[in-house]
Every structure is written in structure tokens, then in C-alpha cells.
Number of protein chains: 2
Amino acid sequence: MTHDRPKTRRPTIYDVAKQAGVSPSLVSLVLQNPVRVSEKRRDAVQAAITELGYRPSQAATALASSRTKSIGLVIDDYRNLWFVDLLRGMESVLTEEGYRVMLADSRPGENRISEAVDGLLAMHVDGLVIAAEPSASMLTAAGVPTVVAGWRNGVPAGADLITNDDDGGGAMAAHHLLGLGHTRIGHLSGFGGAAAHRRAGFAGRLRDAGADMRVVGEAGGTSEEDGYASACWLLDHHPDTTAIFAANDTMALGAFGAIKARGLAVPSQISVIGYDNSTLAKSRYLELTSVDNRSDLVGKEAAKVLLARIESGAPSSGRTLIAPTLVVRGTTAPLPG
Amino acid sequence: MTHDRPKTRRPTIYDVAKQAGVSPSLVSLVLQNPVRVSEKRRDAVQAAITELGYRPSQAATALASSRTKSIGLVIDDYRNLWFVDLLRGMESVLTEEGYRVMLADSRPGENRISEAVDGLLAMHVDGLVIAAEPSASMLTAAGVPTVVAGWRNGVPAGADLITNDDDGGGAMAAHHLLGLGHTRIGHLSGFGGAAAHRRAGFAGRLRDAGADMRVVGEAGGTSEEDGYASACWLLDHHPDTTAIFAANDTMALGAFGAIKARGLAVPSQISVIGYDNSTLAKSRYLELTSVDNRSDLVGKEAAKVLLARIESGAPSSGRTLIAPTLVVRGTTAPLPG
DNA sequence: GCGGCATTTTGTAGCGCTACAATTTTTACG
DNA sequence: CGTAAAAATTGTAGCGCTACAAAATGCCGC
């Protein structure tokens with residue numbers, strides 16, 4: 001109306017200022033800290049913003065303030081659904097403070113973690129949560145506060161560690177099965193830090209109780225297929241097994257396949273317990289007893305630590321373990337006979 | 001070495017230029033179009049970049065060039081794994097052209113799509129793929145080229161539509177079951193565009209064949225729980241049903257729960273077919289026959305269309321349907337008796 | 001060796017925003 | 001009503017990069 005600004009250009013802070021009859025600085029101030037502006041001007045600016053459909057340019061803000069109010073989250077694979085709880089936990093803390101989360105996956109198997117981190121750093125994220133196995137090349141945390149979530153190996157120097165207590169979860173599973181009277185117990189494990197801790201916690205408790213434990217697939221993958229293969233081996237070589245602890249729910253699903261193929265009944269003949277308390281475990285069809293690693297709490301804690309380090313330069317807090325909980329459903333039962 | 005630059009600051013293009021003995025403009029040129037720079041300078045610049053650990057500032061680049069070489073992808077819920085294939089399909093096309101994908105979910109149930117879009121637009125994405133039910137408020141595509149993927153209702157004006165041929169997929173499922181001799185067939189449906197098209201395609205084919213179709217849950221959700229409830233109703237009110245088509249694999253899992261509870265056997269007494277060909281369908285335990293909607297192809301196509309519109313200002317291409325395929329596994333069998 | 005042309009390199013002027021000091025307005029109170 | 005202090009507002013100078021015109025250099029044949 002005032003003049004012929006090309007229609008395609010998005011409105012800038014100057015357009016808003018002109019419209020509201022104030023200086024650009026004032027508009028900026030309204031955007032950042034409305035309380036410090038008199039009500040009269042604040043309303044005028046807000047009105048101009050809505051009328052023009054103004055949207056601040058993230059790029060310009062980032063450049064000028066060297067803060068983006070965003071946290072980068074690196075996950076290993078979108079298909080590993082545990083990150084969803086982690087993300088929700090983070091967001092529950094971050095949105096209140098006006099932060100947003102930027103997600104990047106590290107292309108499973110391609111070791112592209114550093115690439116994902118690079119991308120996020122290029123976007124000027126204020127902090128980083130790494131929820132994937134840190135690569136050897138990341139010896140030192142990049143220039144921003146960093147938290148490693150859910151993994152314990154290769155934590156870069158200067159990074160905090162907040163992770164599920166996988167030892168404790170393994171011990172819980174063992175405790176549960178022992179309490180039901182099982183003594184010949186199989187464990188479907190896999191390669192990687194989390195699996196190793198679950199295995200260790202599980203084994204420790206069984207050893208203390210003098211139970212007979214058979215571990216399979218310590219060096220293998222953790223997919224449904226791997227669970228199936230490991231369970232087949234287990235059931236064929238130790239047919240007297242009465243309970244199976246799978247390192248995750250997906251592997252437990254694989255175990256069900258092997259059990260079904262052998263005509264065994266769950267839980268009357270064999271008990272199964274998984275890990276992750278995924279939607280799979282919650283389904284009516286499986287009703288899988290599972291350990292819930294409370295990734296939501298890991299996310300919350302990670303966000304809190306990060307915010308503290310970003311906003312007040314708090315020092316690294318070291319390592320924090322989040323206690324898991326056991327969710328008992330229909331796939332575990334007292335020892336038959 | 002040359003002077004006392006604070007250690008905390010990340011190196012800029014000026015630092016690189018000084019180090020390499022060239023002008024900042026030349027460094028910028030190397031970054032964008034190395035071919036136009038003489039080999040001598042190019043090598044010098046590259047050396048300086050690696051030595052200083054220089055990483056371009058996305059914010060500054062975006063601001064100065066008003067391009068970010070990034071595409072925003074809005075999904076409805078990270079737990080709906082179909083987006084993973086979509087994403088991979090997009091990336092397979094985009095990475096070659098140097099584009100990256102930024103993901104945002106629209107907080108299921110909260111109708112926060114516009115919020116997600118706002119966030120991405122603030123980041124100056126060059127294009128947008130919306131893989132969620134567009135809200136009514138998004139009548140017109142935002143300032144950037146937009147593609148709606150996988151939904152057919154409420155496509156904003158000016159946006160392209162690239163979607164799975166859900167009608168065709170439904171018809172495929174019907175064709176498969178009819179071919180096996182089934183005539184009393186249940187369908188677990190749900191609210192939403194995709195489910196409606198699967199239902200329509202399925203119903204059309206059954207009607208043509210004169211088969212008896214029972215639809216449940218047209219207005220309900222599409223979770224495992226919903227599938228369970230709908231299947232329960234179906235089996236209790238139409239006990240003569242010999243085949244079930246679920247609108248997605250998760251609902252099929254729910255159906256398994258209901259079938260199991262009633263002591264029926266799959267596939268000898270009742271056939272089940274799902275949709276999505278998810279990891280669930282592929283598992284050994286379920287071996288679920290399922291329609292694969294080829295979301296990877298949708299992603300590829302969406303990326304191509306977007307690139308064409310971004311790079312050469314090509315006009316909107318309208319709508320494109322991607323043909324699904326049927327994957328037959330162990331849960332469908334000829335009509336018993 | 002030199003004009004004429006193509007190729008390579010560089011200076012200048014922003015992109016849209018914020019930080020911060022400087023300025024103006026308001027408020028408090030003798 | 002005056003004046004100091006507090007509160008509100010504004011101007012200036014970048015943030016790190018790119019676009020583009022202008023300048024410098026290289027190359028060619030004669």
C-alpha cells in the first residue's frame with residue numbers, strides 16, 4: 001500500500017517496523033523479550049506482524065546472534081523406534097524454553113555419524129545429542145555442548161553421558177525369570193554396547209542364583225531375523241530351555257517365530273521376555289513382557305543437562321544412569337510342572 | 001600463527017582466504033563451483049580449509065544466497081514407519097544434487113502441521129514435502145515449491161500431489177483374496193484419506209465379483225488397538241468370515257490378536273492381508289501377506305518434481321500415482337473346504 | 001611486443017537480524 | 001516545577017557469506 005514492494009519477497013523486520021511506526025530494533029526486541037516493550041508499541045508490532053504475515057528469518061537470527069535455539073539430535077536409524085521416546089522427552093523440556101530439535105540420522109551401517117554431526121553444526125545448533133554409536137573419529141566433542149545418549153562406548157571428551165541402565169534392566173529380567181522358578185534360561189544377545197550391558201546384568205544375576213544360562217549371538221545383529229536364527233540354534237541345542245530373554249523386542253518377535261516353528265507354546269512351555277517395551281510388546285497379539293528403558297527420561301535429562309550447559313555454561317555433569325522398569329505381560333509364566 | 005585470533009571462534013571464509021593467500025570471494029567460488037577456479041588456487045584453498053577445519057556457515061550462506069539446498073519433510077508421526085522409505089527415496093535423488101532433507105513431525109493429533117511448516121520455512125527450505133494430512137488452514141502452498149505425498153485431501157493450491165495408488169492397492173488385495181476363492185470378506189478400515197481409498201478400491205473389486213464385504217471401523221483410528229477392536233466386532237457379528245483385509249499391517253497385528261483369542265488358525269481357517277509391507281509383515285512370526293505401497297518411489301518422484309520446480313522453475317506437474325505391489329506370504333490361503 | 005578476447009580473480013554492497021551504546025521519554029520525588 | 005534515575009526506544013556496526021560488476025591476468029596470432 002505504502003509503496004511497490006515486490007510481492008514475492010517475504011516481509012522483513014523493516015517492513016514490520018515501518019508498518020508499526022517504530023524502529024527495526026524495537027521489532028527485534030518484541031520478538032525476543034516482549035516484556036521490555038511498552039504495551040502500546042508491543043501491540044502495534046504484533047498487529048503489523050500478523051498483518052504482513054511476517055516470519056523471522058532463522059538464518060539472519062542465527063548469523064546475528066550466533067544462537068539458534070535449536071538442539072541437534074543424531075540417531076542411528078529412524079527404524080529404531082526408541083528414539084521417538086527420547087525425542088518426546090527432549091521436546092517436553094525444550095519447547096518450554098523455546099528450543100527446537102533438529103533430527104539427523106547417521107545412515108545405518110555407513111558410519112556417517114560425522115557427516116550428520118557436520119550437517120547439524122553447519123546449521124549452528126546450540127547443542128548436540130548423539131543417540132548413536134559415536135565413531136572413533138569423534139574423539140573430542142565439537143564446539144558445542146554435547147550429550148551422548150544411550151551408548152557408553154567412545155564418548156567424546158567433554159561430552160556428557162546419559163544412558164539407560166542396561167545392566168540394571170538385564171538384572172531385572174533375570175530377577176523376574178528366577179522368581180518364576182526358571183533355571184535353564186537362554187539369552188539372545190547381539191553386537192554393541194547396549195546389548196553387552198544387558199547381557200552382563202542378566203548374566204550376573206543368573207550366576208549369583210546358580211542358574212544355567214545359554215547366550216547366543218553375542219557377535220551378531222539385533223534384527224528380527226537375527227533373533228529368529230539365534231532362537232533356532234538355542235532351541236535345537238538346548239531343548240530343555242524354559243525361558244528366553246531377548247536383547248530387544250524385535251529379536252523377541254524372531255524368537256516367537258522359532259518357537260512357533262517348533263510347536264512350543266508361550267508361556268505355558270516357554271517364557272519370553274523382551275526389551276524396549278515397544279508398541280510391538282504392547283500389542284494384544286504378543287502381550288510381551290518387556291523391560292522399559294525409559295528413554296523418555298533419558299531425553300528429558302539430556303535436554304536439561306544441555307540447557308544448563310548452554311544457558312549458564314555449567315560444567316559437564318559426567319554420566320547419569322536412568323533406571324528402567326519391568327512391564328510384565330502375558331509371555332512369562334511360572335516354570336511348568 | 002599469524003595473529004591472536006580467539007581460539008573459540010570458528011574459522012570464517014576470511015581466515016581461509018588469508019591462509020591460502022587469496023581473496024574471500026575466491027574461497028566462496030571454490031566452495032560453490034570449483035571448476036571455475038585455477039587448479040593452483042583451488043588446491044591452496046582446499047588445503048587451507050582442511051588445515052583450519054573450516055566449515056561453511058549454513059546461516060550466512062542462506063542469508064546471502066537465499067537458497068539453502070535443503071528440502072523440508074513434514075511427517076505426521078515418527079512412529080508411522082512408512083516415512084522411512086519415503087525419506088530414503090527422496091535422499092537417493094537429493095544427495096546427488098547436494099541437497100539435504102530436514103525432518104519435522106506434526107505432533108500426531110495436535111494438528112500442528114502449520115507449526116511444523118512454519119519452522120521449516122523459517123529455516124529457508126527451498127522446497128517442502130508434506131507427508132501428513134494437510135490442515136484446512138493451509139489453503140495455499142507457502143512461498144516455496146510444495147509436494148504433498150501420500151494424501152489426497154486438502155492439497156493446497158499450487159502444490160503437486162504424488163501419492164500411492166491406494167485404490168489400486170485395495171483392488172489388488174481384493175483380487176488376491178477373490179482368486180483364492182474367498183467370498184465372505186471383512187475389511188478393517190479407518191479414518192483418513194489413504195484408508196478411504198484402500199477401502200474404495202477394495203470394495204469396488206469385491207462388488208464387481210459379487211462377494212460379501214463387511215467393513216468395520218471406517219470412522220475409527222488405525223492403530224493396533226483399533227484393529228483388534230474392529231476384528232473382534234467383525235468375528236463376533238460375522239463368524240462366517242474367511243478373510244480379512246486390514247488397512248495397514250499394524251491393524252493386521254491387532255486382527256491376529258482377535259483371531260487368536262477366538263481360537264482360529266491363520267491361514268487355514270482365516271486369511272489375513274495387510275498393507276504397507278512393513279518390517280512387521282516381513283517377520284518370520286507373522287509372514288504377513290501385504291500390499292507394498294512403494295513409498296520409496298513416491299519419495300524419489302517427489303524429490304524429482306521438487307528439484308525441477310526449484311532449479312528451473314518448472315510448473316506444477318499436477319498429480320502422480322505410484323503403483324503398489326502385492327507381496328504374498330503365509331497368511332493368505334485358498335478358501336478352506 | 002601488442003591489441004583483442006577469454007579466463008581468472010577481486011572489491012563492493014548487501015542478505016535480515018541482533019547487540020549495545022547512545023538517545024529520548026517517562027517516572028519519582030524533593 | 002526541576003532534576004536525577006529508570007524505562008523505553010533508536011542508530012550503528014557488524015554476523016559470514018554471495019552476487020555481480022570491475023579489474024587483473026593469461027593467451028592468441030601477427
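Among the heavy atoms of the strands, none lies under 4.0 Å from B/Val27. Looking at heavy-atom distances under 4.0 Å, B/Pro24 makes no contact with the nucleic acid at all. A/Leu29 comes within 4.0 angstrom of a base, heavy atoms only. Among the protein residues, A/Arg67 comes within range of the sugar-phosphate backbone only, with heavy atoms under 4.0 Å from sugar or phosphate atoms but none that close to a base.
Between A/Arg10 atom CZ and C/dG16 atom C1' there is a gap of 10 Å when expressed in whole angstrom units. Rounded to a whole Å, the CD1 atom of A/Ile13 is 13 Å from the C1' atom of C/dC15. Atom CG in A/Leu31 sits roughly 8 Å away from atom P in C/dC17 (whole-Å rounding). The NZ-P distance, from A/Lys69 to C/dC17, rounds to 17 Å in whole Å. Taking atom CD of A/Glu39 as the reference point, atom P of C/dT25 lies 21 Å away to the nearest angstrom. If you take NE2 of B/His124 and P of C/dG16, they are 8 Å apart, rounded to a whole angstrom. Whole-Å rounding puts the A/Tyr54 OH to C/dG16 P distance at 10 Å. Remark: P of C/dG16 and CD1 of A/Ile49 are 16 Å apart, rounded to the nearest angstrom.
A side-chain donor from one of A/His124 and B/Ser57 sits under 3.5 Å from a side-chain acceptor of the other.
Counting distance only, with no hydrogens placed and no angle test, the side-chain atoms of A/Tyr14 and the base atoms of C/dC17 include a donor-acceptor pair under 3.5 Å.
Proximity of B/Gln32 to the phosphate of D/dC17: no side-chain N or O atom is located under 4.0 Å from OP1 or OP2. Taking only side-chain nitrogens and oxygens, B/Arg41 never comes nearer than 4.0 Å to OP1 or OP2 of C/dT8. Side-chain N/O atoms of A/Ser65 include none lying less than 4.0 angstrom from OP1 or OP2 on C/dC17. A sub-4.0 Å separation between OP1 or OP2 of C/dT10 and a side-chain N or O of B/Ser23 is present. Checking the phosphate oxygens (OP1, OP2) of C/dT7, no side-chain nitrogen or oxygen of B/Ser38 falls inside 4.0 Å.
Closest contact between the side chain of B/Arg36 and the listed nucleotides C/dG16, D/dG16, C/dT9 involves C/dT9. The side chain of A/Ala64 lies closest to C/dT18 when the candidates are C/dT8, D/dC17, C/dT18. Taking only side-chain atoms of B/Leu63, from C-beta outward, the nucleotide of C/dC17, C/dA19, C/dC15 with the closest atom is C/dC15. Nearest to the side chain of B/Leu26, among C/dT9, C/dC17, D/dA19, sits C/dT9. For A/Ser25, taking side-chain heavy atoms from C-beta onward, the closest of the listed nucleotides D/dA19, D/dG11, D/dG16 is D/dG11.
Of the residues near DNA chain C, B/Gly21 and B/Ala60, the one whose nearest nucleotide (by heavy atom distance) lies more toward the 5' end is B/Gly21. When the nearest nucleotides of DNA chain D are assigned to A/Val37 and B/Pro56 by heavy-atom distance, the more 5′-ward of the two goes with A/Val37.
Heavy atoms only, all atoms of each residue included: A/Thr68 and A/Ala62 are closest at CG2-CB, 3.4 Å. Residues A/Ile162 and A/Ala302 approach most closely at CD1-CA, 3.4 Å, considering heavy atoms.
B/Ser106 contributes a side-chain N or O that, together with a main-chain N or O of B/Ile75, makes up a donor-acceptor pair within less than 3.5 Å. Looking only at distances, no side-chain donor or acceptor of A/Asn293 sits under 3.5 Å from a matching main-chain atom of A/Asn164.
In this structure, A/Tyr78 and B/Tyr78 have parallel ring planes: the angle between them is below the 30° cut-off, well short of the 60° mark.
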